[in-house]
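Here's the structure, in structure tokens; my notes come after.
The structure presented is a predicted model; accordingly, all values stated were derived computationally and were not measured.
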Amino acid sequence: MAAGVGAGVGAIFQAPLAGAIFATEVLYRDPEFEAENLIPSFISSAVAYCTYNVGLALCFGYIGFRPLFEIHGNLRFDDPVMLLPLTVLAIAMTLAAFIYVKTFYGIHDLFQRWNIPRVVKPVIGALGTGLVAVGIYHLLGPVGPAAQHDGLSVLSFGYGFLQRIIMPQGDQALIVWVLLAVGFGKILTTSLTIGSGGSGGVFGPSMVIGGSFGALVGLMFHHLAPSLVPDQEAVSVFVILGMASFFAAAANTPVSTLIMVTEMTASYTLLLPAMWVCALSYVLGGGFTLFREQVGTRLDSPAHRGDFIIDVLQDMKIKDAMARATRGFVTVPLGMPLGDIVRMVADTSQTTFPVLDEAGKLHGLFTLNDVRQYLYETGGVGELAVAHDLAQEIEPLTLETDLSSAIGRFAEGRFDELPVVGEVDGEQKVIALLRRQDVISAYSRALMSHRQSQDQP
């Protein structure tokens, strides 16, 4: 699945490295990566990127292997003071991402609760999307035909509109209304289309929304602090970083978004400010996510629950599970007759019984099922059995055995209880009987302690 995600994103958005990293990062809300996916995603993303571009070249004469957007040739970051307005940008993009997520799932939940045939819902969503576009078209009428045309970007990919605001033409004062219309309109049309059950993605619209609002913030600083944002080229910085900041907040994927925007523009000159806005947006937007299925960490992932159990148990020893294992237990001498054993097991809740020799050392184990087997023997043979006949040799656990090995022993064997030996008066003797449930209880305590430590500020 991750390889497919990396391949699709890397090819469509002309960002193979970011697509591969996105596939490893998007699964978790906290800063974690699915490292096992990295190499398969690298390979699939590279193959998909080449195939996609060669296909475009063969079928449509498209010159492949170029970035999705063109930028100013001398775009750069050379003033640390710019980090101050970029902090404002990160805050604004986080707020916009919050509005986007709440609108998206608000409309989605509304359609889910609507008791009408499922096939009708996408029709209603498409109708709503069209009405939003028509409304924007008429609202932008006083601004001019070019603005009306740009307003219809809410119905399409919107990449052409993004290219125009990255390298704008004409009077920048007139574009403000278009930016507002496209930014909020794209939130509505995306939510209506996907929330109603229609087909579509969320990454492309996020770039358009983030770029539009980023341009607005850039224009604001151009008028308030022209020394920091002197011209349209400087505003383009806010467009590009707005794209990165917005999706980092919405999807909780700061690393892949940072790389994706730099690949889509074929420019690493804005790498440092992109790191700044992505980090701030990720921290500020940690309370919501565009992907509801995102889990917090590998600990919360059903796919890795078994891995986490093993990791925890490997760090724990038998002595960590001894709280209940040291309770009283019954042992059996080698020569105890079967009749005495039957009377003894009736008075205990044990299911497994250690058999000891004359020196008190472990000789073996037997279970209640072993006792039943001898009881059902015919011809009086069972009545002659003693504990030695029932016992099965087994390697005991020690206090330093890790619980991962212990749980493996339980899984491989037929015993629900295993003896633990320790030094008593200079000799190795049975000091406890560890149950399978004791190991599970120790794991549960460690898991609860880990979660409590994560919840503490």
Side-chain angles (χ1 to χ4, degrees), residues 5-6 8-10 12-31 33 67-69 86 89-105 153 157-159 161-163 165-166 179 182-184 186-187 189-191 194 200-218 236-265 267 270-271 273-294:
V5 170
V9 173
I12 295 297
F13 298 105
Q14 300 290 280
L17 174 60
I21 295 178
F22 178 77
T24 71
E25 185 183 26
V26 71
L27 301 176
Y28 302 111
R29 187 174 303 186
D30 291 346
F33 292 88
L68 202 59
F69 302 113
L86 290 179
L89 174 70
I91 296 172
M93 292 303 99
T94 304
L95 178 61
F98 177 79
I99 295 172
Y100 180 37
V101 171
K102 292 301 180 182
T103 303
F104 184 90
Y105 282 110
S153 297
F157 295 121
Y159 298 149
F161 174 72
L162 266 181
Q163 182 63 70
I165 64 175
I166 290 175
L179 293 171
V182 172
F184 286 108
K186 199 69 172 175
I187 290 176
T189 56
T190 303
S191 302
I194 302 176
V202 294
F203 180 79
S206 297
M207 294 295 101
V208 176
I209 298 166
S212 300
F213 289 140
L216 283 170
V217 176
S236 298
V237 173
F238 285 80
V239 177
I240 296 170
L241 297 182
M243 294 159 57
S245 180
F246 181 86
F247 196 69
N252 292 311
T253 54
V255 177
S256 56
T257 303
L258 161 70
I259 299 173
M260 188 168 297
V261 171
T262 54
E263 280 191 292
M264 288 168 63
T265 57
S267 172
L270 299 179
L271 192 60
M275 291 168 56
W276 178 258
V277 296
C278 285
L280 289 179
S281 299
Y282 173 76
V283 172
L284 294 172
F288 58 89
T289 178
L290 189 56
F291 302 111
R292 278 184 172 177
E293 301 304 319
Q294 252 181 1

Which residues pass the ring-ring contact (aromatic ring centres under 6.0 Å, His included) test with [X], sequence neighbours left out?
X: F33; value: none
X: F104; value: none
X: F291; value: none
X: Y100; value: F246

Quick one: are S153 and K186 in side-chain contact, heavy atoms under 4.5 Å? no
L270 and T262, any side-chain heavy atoms less than 4.5 Å apart: no
Residue pair [X] / [Y]: nearest heavy atoms and the distance that separates them:
X: S256; Y: E25; result: OG-OE1, 2.7 Å
X: G242; Y: L89; result: N-CD2, 3.9 Å
X: M264; Y: A15; result: CG-CB, 4.4 Å
X: P254; Y: Y282; result: CD-CD1, 3.5 Å

Pairing residues for [X] by the side-chain contact (heavy atoms from CB on, under 4.5 Å) criterion, not counting sequence neighbours:
X: L280; value: T87, A90, W276
X: V5; value: V9, F22, A23
X: L284; value: I91, T94
X: A274; value: L241, L258

What pairs with T257 under side chain to side chain donor-acceptor pair (under 3.5 Å), at least two apart in sequence or on another chain? T253
Could you tell me which residues satisfy side chain to side chain donor-acceptor pair (under 3.5 Å) with E263, sequence neighbours excluded, listed by chain and number? none
For residues 203-211, which side-chain N or O atoms pair as donor and acceptor with protein atoms under 3.5 Å away, sequence neighbours left out?
{"residue": "S206", "atom": "OG", "partner": "V202", "partner atom": "O", "Å": "2.6"}

Given 3.5 Å as the limit, does a donor-acceptor pair link the side chain of Y105 with the main chain of S191, or not? no
With no hydrogens and no angle check, is any side-chain donor or acceptor of Q294 less than 3.5 Å from a backbone partner on T289? no
Going from [atom1] on [X] to [atom2] on [Y], what distance comes out if it is rounded to the nearest 0.5 angstrom?
X: N252; Y: L27; atom1: CG; atom2: CG; result: 12.5 Å
X: R29; Y: E293; atom1: CZ; atom2: CD; result: 10.5 Å
X: T265; Y: Q14; atom1: OG1; atom2: CD; result: 12.5 Å
X: F98; Y: T103; atom1: CZ; atom2: OG1; result: 9.5 Å

Is the centre of the F213 ring less than 6.0 Å from the centre of the F238 ring? no
Of all pairs that satisfy side-chain hydrogen bond (donor to acceptor under 3.5 Å, both in side chains), the ones with a partner from residues 238-250, not counting sequence neighbours: S245-S281
